[in-house]
Amino acid sequence: MRLFSILGLALLGLALHVPAHATGKVLVVGVHPYQPTRALIAYHEHLAAHLRATLKRPVRIVTAKSVRAFGTRILAGEYELVLGPGHLLRLAQRERGWHPLARYVPDTPLLLLARSDAGDLTVDALKGRTLASPGRVRLAGRAAETWLAERQLLPGRDFEVLDAGTPASAIHALVSGEADMAVATLASMSQARRDEVAQLRIVEELAPVPLLFFAARPDVSPAMRARLQRALLAYATPQGIRPVVATEQELAAMDVYLDQTRQLLQGQPDAEPERRASQ
């Protein structure tokens, strides 16, 4: 009897010393694939550690092969918490009931770029030429095409679009001569090679583009949403950037992109499984 009592106390002691963050359901956080997976792993481990410590839950950060795959997985509810661009989260809010929680600030300028040796070009010089886009389903690509359409410049009619897939690839396509102009946000320019950025000039600053938003899946309880929001608002990136509360008005500004975003997400699903960034 004494032996069983000793064993019972020992097991109780082990239970008490299990790290608090190792208990509970895993919080799956989907992160927008705006960088290669390894870069996302390194950068967002800081966020994962903060959420583990604050929420006392295990955290797994995952990303996707492409923005389109990421968007379809948000709509399918594969993530509990998402860090993604406003147009995808607005679509998820409108069609699936996702809840915006926080966002990074400030907005970043969207730039129309040309090679520095191309002369003094204007936006009208795009007619009959090729525009390198970081991705037509990305917010930068959608915002650029919308801005150009408002000035009677339409893809397929007035210019061709080269969907490069990433901001760095769009800049490379421009520098290498595959495209005549390119669009990229100022925030994304750090992803390109410095020697290629040095060969660019800004033709036009098109519009401000919001940075990433955090949102919770519709089945997350109000109490858990409140905990998530408090945890996010208490977080600071390694650079000291703190999220602020996301407002309905800020997401509603994304409505102009929803129809085309919805159409672009209806393409053939990517076969590659989600890429895990941390656990």
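By convention here, the first residue in the shown sequence is residue 1. Remember, predicted model here, so these are calculated numbers, not experimental data.
Among residue pairs with one or both ends in residues 146-185, none qualify as ring pair (Phe, Tyr, Trp, His ring centres under 6.0 Å); sequence neighbours excluded. Sequence neighbours left out, not one pair with a member in residues 173-198 passes ring pair (Phe, Tyr, Trp, His ring centres under 6.0 Å). Listed by first and then second residue, the ring pair (Phe, Tyr, Trp, His ring centres under 6.0 Å) pairs that reach into residues 86-144 are Tyr104-Phe214, sequence neighbours excluded.
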Fill in: Derivation of the side chain to side chain contact (heavy atoms under 4.5 Å, CB included) call for Leu51 and Val29
CA-CA 10 Å; Leu51 292 175; Val29 183; 4.2 Å; yes
Discussion item. One pair to check against side chain to side chain contact (heavy atoms under 4.5 Å, CB included): Tyr79 and Arg73. What are the steps and the verdict?
Written reply: CA-CA 7 Å; Tyr79 315 123; Arg73 287 170 183 165; 3.4 Å; yes
Worksheet entry | Intermediate values then yes/no, side chain to side chain contact (heavy atoms under 4.5 Å, CB included), Leu131 and Leu162 | CA-CA 6 Å; Leu131 175 71; Leu162 171 63; over 6 Å; no
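Ion pairing of Arg90 with Glu250 is absent here, as no side-chain N (NZ or NE/NH1/NH2) approaches a carboxylate O to less than 4.0 Å. The pair Arg94-Asp255 meets the salt-bridge criterion, since a charged nitrogen lies less than 4.0 angstrom from a carboxylate oxygen.
Summarising the geometry of Leu101 relative to Ala216, their closest heavy-atom pair is CD1-CB, 3.9 Å, with the distance given to 0.1 Å. The heavy-atom pair separating Ala102 from Leu233 by the smallest distance is CB-CD2, 4.2 Å.
Side-chain atoms of Thr247 and Gln249 form no donor-acceptor pair, as typed in the model, at a separation below 3.5 Å. Using modelled atom types, one finds a donor on one side chain and an acceptor on the other under 3.5 Å when comparing Gln93 with Glu248. For the residue pair Tyr43/Gln239, the side-chain donor-acceptor check at 3.5 Å is satisfied. Counted by atom type alone, Ser188 and Gln191 present zero donor-acceptor pairs between their side chains at under 3.5 Å.
Taking Arg129 as the reference, nothing meets the side chain to side chain donor-acceptor pair (under 3.5 Å) condition, with sequence neighbours excluded. Taking the side-chain contact (heavy atoms from CB on, under 4.5 Å) definition, one finds that Val67 meets it with His32, Pro33, Leu88, Val137, Arg138, sequence neighbours left out. Residues passing the side-chain contact (heavy atoms from CB on, under 4.5 Å) test with Ala49, sequence neighbours excluded: Glu45, Arg52.
Note: Leu75 CG to Glu95 CD = 6.5 Å, rounded to the nearest 0.5 Å.
Note: Tyr235 and His50 have tilted aromatic rings, judged against thresholds of 30 and 60 degrees for the angle between ring planes.
Leu154 has its side chain out of reach of Leu148: every pair of non-hydrogen atoms, C-beta onward, lies at least 4.5 Å apart.
Arg201 places no side-chain N or O within donor-acceptor distance of the main-chain N or O of Leu113, the cut-off being under 3.5 Å.
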